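These numbers were taken from a predicted model, which means no experiment stands behind them. In the text below, chain A, chain B and the rest are named by the order of the sequence lines, each starting its count at 1.
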2 protein chains.
Amino acid sequence: MGISERKEREKQEMKSLILETATQMFLEHGFEKTSLRNIAEKIEYSPATIYLYYKDKNQLFYDVHEKGFELLAEKMTPLMQIENPLERLYKMGEIYLDFAFHNPEYYDLMFIMTAPMEALHDDNWDCGFANYEMLRQTIAECMEKGLIKKADLEVTTVSVFSFVHGLVSLAIRQRFKMYPEETLPELFRQSIDNILNLMKA
Amino acid sequence: MGISERKEREKQEMKSLILETATQMFLEHGFEKTSLRNIAEKIEYSPATIYLYYKDKNQLFYDVHEKGFELLAEKMTPLMQIENPLERLYKMGEIYLDFAFHNPEYYDLMFIMTAPMEALHDDNWDCGFANYEMLRQTIAECMEKGLIKKADLEVTTVSVFSFVHGLVSLAIRQRFKMYPEETLPELFRQSIDNILNLMKA
DNA sequence: CTTGCTTACTAAACACCGTTCAGTAAATTT
DNA sequence: AAATTTACTGAACGGTGTTTAGTAAGCAAG
């Protein structure tokens with residue numbers, strides 16, 4: 001029957017209206033200033049309505065943070081076409097930095113804020129997986145082809161990811177005040193070059 | 001005259017009563033659950049009283065985060081006695097990890113949360129300076145003595161700090177769910193060893 | 001010793017927040 | 001046409017940071 005299908009479709013549309021509005025307001029004004037009441041007002045529904053589609057605010061922002069991961073994956077996936085894995089690794093670092101500094105609120109939600117993680121009570125956090133997997137595979141290929149020094153793959157992947165995240169998150173959360181802000185991009189680029197040069201075979 | 005001195009002293013005592021209570025409650029229950037109303041209730045004053053000693057919640061938590069830096073400096077300073085700078089660098093990494101995982105709330109406030117930084121409208125964030133300076137100096141000594149590869153000092157210091165912070169902050173904010181929690185300490189130790197080995201001359 | 005001023009403090013309100021629940025009105029099924 | 005299901009909301013609950021008008025005690029000067 002067509003009615004229940006239409007209803008299901010309408011339900012999905014309503015859910016994504018909430019999600020889109022939440023995302024837009026979050027990217028525009030940040031997490032703190034995006035309240036369920038604000039979102040509800042914008043879509044001209046009562047705040048209580050949101051609870052018919054999302055268990056709570058954390059669940060809603062879990063979905064927002066998922067959209068961030070999709071956006072990042074869209075930028076990362078094409079890089080897998082690059083034959084030379086070391087060149088690819090450099091490019092990944094560059095794209096990652098670009099993403100972080102052009103979408104700091106997304107980055108914050110994806111890798112720093114506690115809110116989305118609180119929506120996750122079991123331990124399967126699939127979101128970051130695709131991107132992390134690309135990084136791991138690229139590093140593995142670099143090792144296989146003797147482009148970087150051989151070492152434990154997991155340890156190396158963790159190291160590279162942590163290093164770049166450290167740079168980005170310290171910048172986003174304003175902990176690099178000892179350096180003038182305009183010097184940071186160049187400092188970061190040098191820093192990444194430095195580390196990757198050390199890793200080169 | 002003694003009266004105004006006593007008053008000044010009492011004012012300082014009141015301020016530090018608030019600070020101590022806030023710190024204690026924060027370390028016990030976390031930032032979110034430590035409200036000005038809770039703190040006020042514990043010290044048996046009205047919430048408005050706190051505003052006679054602190055401009056706002058961010059200012060209060062700026063002072064709490066400062067106490068965190070003092071605690072870290074207390075653990076770091078003795079290490080400067082170690083003659084061999086490379087050995088000292090290893091030890092600093094170890095102590096840093098220890099501090100982070102034994103005082104995750106402090107670490108969060110010091111290096112991740114936005115709250116304390118919002119209390120800072122000029123650009124002089126002195127807090128981390130002492131600790132950062134020790135790291136920079138240790139790395140400089142390592143380079144001078146030819147223990148690690150020579151490179152730009154600032155770039156290398158930023159790299160090392162970002163790397164370790166990356167590890168810690170991803171763990172604290174639950175972004176290492178792809179690894180079982182009990183394997184993280186060992187993974188981190190290997191990761192640090194790995195990086196430092198790459199840096200060795 | 002009393003008057004006036006300063007200081008320390010608070011009650012109450014303001015404007016928010018996330019969340020819950022009883023109730024309503026429309027759509028759908030029987 | 002009646003009964004039921006669905007989608008939604010108004011209003012409240014219990015919290016938050018913050019401001020302000022007012023009070024009562026402490027102190028200084030007359």
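- Atom-to-atom, CZ of A:Phe61 to C1' of C:dC17 comes out at 13 Å; the value is rounded to the nearest Å.
- D:dT16 atom P lies 16 Å from atom NZ of A:Lys57, rounded to whole Å.
- One interatomic measurement links the two molecules: CG of B:Leu36 to C1' of D:dG15, which rounds to 13 Å at whole-angstrom precision.
- With sequence neighbours excluded, no residue satisfies salt bridge (charged side-chain N to carboxylate O under 4.0 Å, His left out) with B:Glu83.
- Sorted by first and then second residue, the pairs that involve residues 89-106 of chain A and meet side-chain hydrogen bond (donor to acceptor under 3.5 Å, both in side chains), not counting sequence neighbours, are A:Tyr96-A:Tyr107.
- Put simply, CD1 on A:Ile18 is 14 Å from C1' on D:dT9, counting in whole angstrom units.
- Among the nucleotides D:dT18, D:dG17, C:dG18, the one closest to any side-chain atom of B:Asp56 is D:dT18.
- Distance, A:Asn58 CG to C:dG18 P: 11 Å, rounded to whole Å.
- Separating the CD1 atom of A:Ile39 from the P atom of C:dC17 is a distance of 10 Å, rounded to the nearest angstrom.
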All N/O contacts under 3.5 Å from nucleotides 22-26 of chain C to the protein, with atom names and distances to one decimal?
none

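- Going from atom SG of A:Cys127 over to atom OH of A:Tyr62 covers 4.0 Å, rounded to the nearest 0.5 Å.
- Straight-line distance from the NZ atom of B:Lys33 to the P atom of D:dG14: 17 Å, rounded to whole Å.
- When the side chain to side chain donor-acceptor pair (under 3.5 Å) test is applied to B:Gln190, the partners found at least two apart in sequence or on another chain are B:Glu186.
- Residues of residues 19-32 of chain A that place a heavy atom closer than 4.0 Å to DNA chain C do not occur.
- Residues that satisfy the salt bridge (charged side-chain N to carboxylate O under 4.0 Å, His left out) test with A:Lys67, not counting sequence neighbours, are A:Glu20.
- Shown here for B:Ala73 and B:Thr77, the closest heavy-atom pair between the two residues is O-OG1, 2.5 Å.
- Within 4.0 Å of A:Asn38, counting heavy atoms only, lie sugar-phosphate atoms of the nucleic acid but no base atom.
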Kindly list each side-chain donor-acceptor pair under 3.5 angstrom involving residues 43-52 of chain B, sequence neighbours excluded, with atom names and distances?
unit_1, atom_1, unit_2, atom_2, d
B:Ser46, OG, B:Ala48, N, 3.0
B:Thr49, OG1, B:Ser46, O, 3.2

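- Rounded to whole Å, atom P of C:dT19 lies 11 Å from atom CD of A:Gln59.
- Checked against salt bridge (charged side-chain N to carboxylate O under 4.0 Å, His left out), A:Lys55 has no partners two or more places apart in sequence or in another chain.
- Every residue meeting the salt bridge (charged side-chain N to carboxylate O under 4.0 Å, His left out) condition with B:Arg173, not counting sequence neighbours, appears here in chain and number order: B:Asp108.
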Q: Take nucleotides 5-13 of chain C nucleotide by nucleotide from the 5' end and write B, S or -, depending on whether a protein heavy atom sits under 4.0 Å from the base, only from the sugar-phosphate, or from neither.
A: ---SBBB-B
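- Remark: B:Thr138 engages B:Arg88 in a side chain to side chain donor-acceptor pair (under 3.5 Å) (not counting sequence neighbours).
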Which donor-acceptor pairs under 3.5 Å do side chains of residues 194-201 of chain A form with protein atoms, sequence neighbours excluded?
unit_1, atom_1, unit_2, atom_2, d
A:Asn197, OD1, A:Lys200, NZ, 3.2
A:Asn197, ND2, A:Asp193, O, 3.3

